[in-house]
There are 2 protein chains.
Amino acid sequence: MTRRTAPARSGRSWPSAASPKRKLADPILEERAQQLLKALVQRYIREGQPTGSRTLTRESGLNLSPATVRNIMADLEEAGYVRAPHTSAGRIPTDLGYRFFVDSLLTVNPLREWEIEQLRIRLDRGTNADVLIDSASNLLSGLTQLAGVVTIPRRHTGSVRQLGFLPLSERRVLAILVVNEHEVQNRVLQTGRDYSGAELEHIANYLNAEFGGKNIEQIRAALLDAMHQDRKEMTELMSLAIEVAQRLFTRPEGEDEDDDYVMAGETNLMTFAELSDIEKLKQLFEAFNHKRDIIHLLDRCLTADGVQIFIGQESGYEVFDGVSLVTSRYQSDDGVLGVLGVIGPTRMPYGRIIPIVDVTAKLLGHALNPHH
Amino acid sequence: MTRRTAPARSGRSWPSAASPKRKLADPILEERAQQLLKALVQRYIREGQPTGSRTLTRESGLNLSPATVRNIMADLEEAGYVRAPHTSAGRIPTDLGYRFFVDSLLTVNPLREWEIEQLRIRLDRGTNADVLIDSASNLLSGLTQLAGVVTIPRRHTGSVRQLGFLPLSERRVLAILVVNEHEVQNRVLQTGRDYSGAELEHIANYLNAEFGGKNIEQIRAALLDAMHQDRKEMTELMSLAIEVAQRLFTRPEGEDEDDDYVMAGETNLMTFAELSDIEKLKQLFEAFNHKRDIIHLLDRCLTADGVQIFIGQESGYEVFDGVSLVTSRYQSDDGVLGVLGVIGPTRMPYGRIIPIVDVTAKLLGHALNPHH
DNA sequence: CATTGGCACTCTATGACCTAGAGTGCTAAC
DNA sequence: GTTAGCACTCTAGGTCATAGAGTGCCAATG
């Protein structure tokens with residue numbers, strides 16, 4: 001199991017030095033406090049209800065009286081790890097409590113070999129990329145009974161395999177770009193003058209020879225170079241080709257935001273008590289539809305390897321109150337392709353979710369490897 | 001305003017002959033009953049609460065005592081047009097009541113000229129079809145504060161403008177199909193043997209000459225014809241071309257269901273009291289995600305012109321309990337393209353919704369006309 | 001001096017009970 | 001055929017009492 005890494009902005013650690021008032025500095029007490037916190041979080045994830053000191057003594061395995069537990073809980077509350085919904089309820093974890101739990105207390109249950117095998121079968125190489133993305137998101141949602149989300153790989157990471165043109169009408173040419181073996185992109189170019197079929201074919205040949213196998217970033221760089229060369233040194237064909245390629249690889253205006261994601265199982269979230277507030281639920285679903293914020297959030301996970309977790313409002317978005325996100329980026333041999341993950345109530349079984357996300361990311365990345 | 005037509009299976013009319021027990025046969029009473037039903041439905045759409053006899057006397061404009069109204073209401077209840085949630089609440093309309101209301105009692109408020117103008121601006125010709133579809137669905141949802149839905153035009157209605165091939169690797173050829181001026185389809189063909197670029201170009205030329213301008217249905221028919229001709233009579237080129245075209249226009253297996261729709265504003269439905277039952281809401285949203293049933297329902301609207309209305313479970317789907325659908329098909333000069341509409345609680349202001357759907361359908365159809 | 005038993009206190013959830021109000025159905029009078 | 005009157009029903013909402021869970025604090029303890 002890969003080590004879980006905390007998102008950059010919230011990489012908090014247990015405040016052993018920053019003891020708020022009294023005993024938490026004592027290593028023994030601290031150990032006990034951790035055990036209790038662990039028991040509390042686990043139980044809350046299971047039952048969804050506040051837990052009192054009496055129950056906790058039983059559950060934690062520690063040999064302590066309820067009174068002692070009460071003292072410790074008071075400390076934990078002061079430190080911000082737990083809170084009481086009202087005076088005479090038990091305690092429940094805060095976001096900070098969950099954070100400490102997933103960073104330091106969590107024991108992960110790895111998937112069984114046959115479960116991985118199941119996943120592997122359903123994420124088979126050689127299937128169309130779009131279908132794979134869909135499958136992955138459905139698998140995530142199906143296995144976890146939460147919402148699954150997978151970002152669609154960015155276009156410009158793929159390498160161009162082939163390039164062709166098709167004259168449409170005067171001054172309009174359809175450019176076809178085959179990326180990554182299977183993926184096809186089309187773009188209609190308005191040209192300054194007519195091009196004959198033969199001309200287009202020559203241009204295509206030239207560009208294929210020049211740029212075949214490179215990825216779009218590289219091609220852009222090469223084009224920039226070519227621009228700065230003296231036109232005199234080029235054949236007419238070359239400069240024509242460069243001009244066309246320029247139009248082709250310069251992203252049209254509004255289209256720079258081609259990021260998108262696929263989500264499945266959102267409806268699973270409707271059954272959770274913590275989201276039964278319909279207004280909140282509505283706002284969450286609106287965020288899903290809006291996509292921009294979610295994309296932004298997911299993009300933040302592109303930088304770090306391994307499984308990452310956003311707990312509640314840590315993400316910075318209000319709608320994520322009570323909601324957590326477990327993600328991992330997925331990558332093929334060509335590099336990072338995107339991010340996938342699971343969205344659910346903060347009270348989710350992390351020990352099960354994390355390996356699912358982890359393995360799915362790896363298998364999806366593998367399945368998207370360019371064929372040889 | 002176009003006349004609203006009832007869906008085929010529910011084209012009920014007022015049972016003037018089938019009077020259940022007593023006075024409904026009397027034309028005067030019938031008239032009054034209708035007026036009362038109208039007042040009841042209108043008020044319920046506005047207020048969302050059961051209405052009693054006293055209120056109804058005031059609201060209906062009729063000069064009757066509450067006691068008389070009570071009698072009439074009892075008749076209407078027996079006939080199935082209204083019902084009482086409990087003994088001492090007022091009455092609310094049943095699905096049947098709504099049906100009669102929209103078929104015979106409804107007065108539609110046409111849109112103001114400037115409202116139409118607004119719509120026209122936002123559904124401008126010359127925009128990309130996908131963007132238009134999105135806009136339409138957003139407009140529907142925005143204007144009505146309900147969920148807007150637009151089916152994506154079926155592929156095979158468009159006419160093929162151009163056709164080209166791009167050799168990928170040995171035995172794999174990318175076929176490019178330009179349909180309807182702007183829309184591009186790609187398909188990878190696994191071929192039995194290698195084809196040279198020149199061969200492919202010849203084939204493309206032949207097929208373009210043969211099939212350019214025809215729509216996909218026509219092409220399939222032509223291909224079927226060609227199949228039955230004696231092979232001996234064809235040049236090798238022709239038979240090659242036919243073979244390739246066969247593969248190209250024969251829809252791959254699982255892909256026959258390429259129907260799809262775009263929905264916007266589903267979240268608007270979450271605020272309605274009649275859907276506050278979270279389990280029901282969940283099922284409805286699952287139906288939206290599932291798509292198949294919804295598509296099937298929308299497809300039923302393809303056959304009839306004008307605005308159509310499905311009220312509650314009339315549609316035959318349980319999830320539509322308490323939910324109605326107002327639709328219209330939209331069409332360009334080339335024929336019917338698809339269906340659009342609004343989904344909302346049965347208690348929706350039909351008088352406003354109907355013209356919105358009607359006008360949007362017309363404008364969208366117009367905007368999707370092939371350019372000249 | 002950390003731990004614990006004891007105790008007073010607080011807060012919630014639940015159910016019983018009551019009442020006001022809205023609306024009905026029926027009957028008898030008009 | 002219509003209506004006034006009346007007994008009846010049902011709900012929404014409020015009050016009240018109670019049981020139960022859990023706390024915080026204090027004084028006792030090993």
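All values reported here derive from a predicted model rather than from experimental measurement. Labels below follow one simple rule: chain letters A, B, ... track the order of the sequence lines, proteins then strands, and each chain is numbered from 1.
- Here A/T57 pairs with A/P66, A/V69 under the side-chain contact (heavy atoms from CB on, under 4.5 Å) rule; sequence neighbours left out.
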Letter per nucleotide, 5' to 3', of nucleotides 13-30 of chain D [B base touched, S only sugar-phosphate touched, - untouched; heavy atoms, 4.0 Å] = --------BBBB------
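- With sequence neighbours excluded, the residues that form a side-chain contact (heavy atoms from CB on, under 4.5 Å) with B/T55 are B/R43, B/T51, B/R58, B/E59.
- Residues satisfying the side chain to side chain donor-acceptor pair (under 3.5 Å) test with B/S65, not counting sequence neighbours, are B/T68.
- Rounded to whole angstrom, the span from the CD1 atom of A/I72 across to the P atom of C/dA2 amounts to 12 Å.
- Applying the side chain to side chain donor-acceptor pair (under 3.5 Å) criterion to B/Q49, with sequence neighbours excluded, gives no partner residue.
- Remark: A/E47 engages no residue in a side chain to side chain donor-acceptor pair (under 3.5 Å) (not counting sequence neighbours).
- Note: CG (B/L62) to C1' (D/dT2) measures 14 Å, nearest angstrom.
- Taking the side-chain contact (heavy atoms from CB on, under 4.5 Å) definition, one finds that B/S328 meets it with B/V307, B/V357, B/A361, sequence neighbours left out.
- To the nearest 0.5 Å, atoms CZ (B/R91) and OH (B/Y81) are separated by 15.5 Å.
- By the side-chain contact (heavy atoms from CB on, under 4.5 Å) test, B/N289 pairs with A/E266, A/T267, sequence neighbours left out.
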Secondary structure string for DNA chain D (Watson-Crick or G-U under 3.5 angstrom, | for other-strand pairs) | ||||||||||||||||||||||||||||||
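- Between B/Q49 atom CD and D/dT11 atom P there is a gap of 15 Å when expressed in whole angstrom units.
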